[in-house]
Amino acid sequence: GDSVTQMEGPVTLSEEAFLTINCTYTATGYPSLFWYVQYPGEGLQLLLKATKADDKGSNKGFEATYRKETTSFHLEKGSVQVSDSAVYFCALSEGSGAGSYQLTFGKGTKLSVIP
Amino acid sequence: KAGVTQTPRYLIKTRGQQVTLSCSPISGHRSVSWYQQTPGQGLQFLFEYFSETQRNKGNFPGRFSGRQFSNSRSEMNVSTLELGDSALYLCASSQYKGQGASPLHFGNGTRLTVT
């Protein structure tokens with residue numbers, strides 16, 4: 001079945017450092033790929049998405065490129081801020097024959113940014 | 001536009017009891033999904049409803065059930081609660097647009113504790 005593997009955390013960075021969170025996936029077809037972020041006490045928020053190979057998703061300074069050849073969707077940000085401290089989830093979505101979609105999530109990576 | 005609303009935010013139940021959680025999707029969204037989040041298993045898909053029909057179900061026992069009403073609001077029910085059902089239950093809605101993978105919009109969740 002489908003699966004998502006992302007780097008284990010926690011990750012601790014100083015403010016303005018460069019961030020990379022690795023994500024690789026296994027899927028039978030051509031999934032859409034997502035990064036979601038979860039702040040303490042809240043649900044998940046969509047950070048960015050890519051729906052086909054070589055697409056680049058971007059939002060709030062975060063970027064990720066859909067790499068079909070390496071089945072990867074690594075999240076990057078050039079300069080992190082304290083407000084970026086959260087848990088980040090990589091996810092994929094594949095449709096079923098009934099037109100239904102479900103997300104398969106990675107385990108999440110907790111990021112802490114210190115001033 | 002109001003976001004996804006889940007009630008209640010917190011619940012404490014005893015083993016063997018049953019519980020009902022409620023979710024109101026974003027206005028105009030017709031698909032509602034439920035996910036269970038635990039520290040050990042991460043985020044796992046429970047089921048998805050569209051136009052009052054369950055289209056997809058995850059690998060959970062029959063004690064977990066749900067339904068969707070004509071106004072797209074959804075409820076999930078867990079009967080004969082077990083300690084392992086303690087989790088954050090997240091509801092998400094999406095705007096179904098044919099075969100495209102519409103992003104999910106999550107609520108803040110219901111924290112269920114089973115004692």
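Only heavy atoms go into these numbers, but all of them, side chains included; no hydrogens, no water, no symmetry mates. In what follows, chains are A, B, ... by sequence order, proteins preceding strands, each numbered from 1.
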Answer with side chain, backbone, both or neither: which region of [X] has an atom nearer than 4.5 Å to a non-hydrogen atom of chain A?
X: B/Leu88; answer: side chain
X: B/Gln6; answer: neither
X: B/Leu43; answer: both
X: B/Tyr35; answer: side chain
X: B/Arg9; answer: side chain

Between [X] and [Y], does any side-chain N to carboxylate O distance fall below 4.0 Å?
X: B/Lys13; Y: B/Asp85; result: no
X: A/Glu63; Y: A/Lys77; result: no
X: B/Arg67; Y: B/Glu52; result: no

**Message:** Can you confirm whether the side chains of A/Asp2 and A/Thr104 place a donor and an acceptor under 3.5 Å from each other?
**Reply:**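 The criterion, which ignores hydrogens and geometry beyond distance, is not satisfied for A/Thr104 and A/Asp2.
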
**Request:** Under 4.5 Å heavy-atom distance to chain B, tell me which part of A/Gln38 shows up: side chain, backbone, both or neither.
**Result:**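 It is the side chain, since no backbone atom gets that close.
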
**Request:** May I ask you to decide if B/Val19's main-chain N or O and B/Asn77's side chain share a donor-acceptor pair within less than 3.5 Å?
**Result:**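 At least one qualifying donor-acceptor pair exists.
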
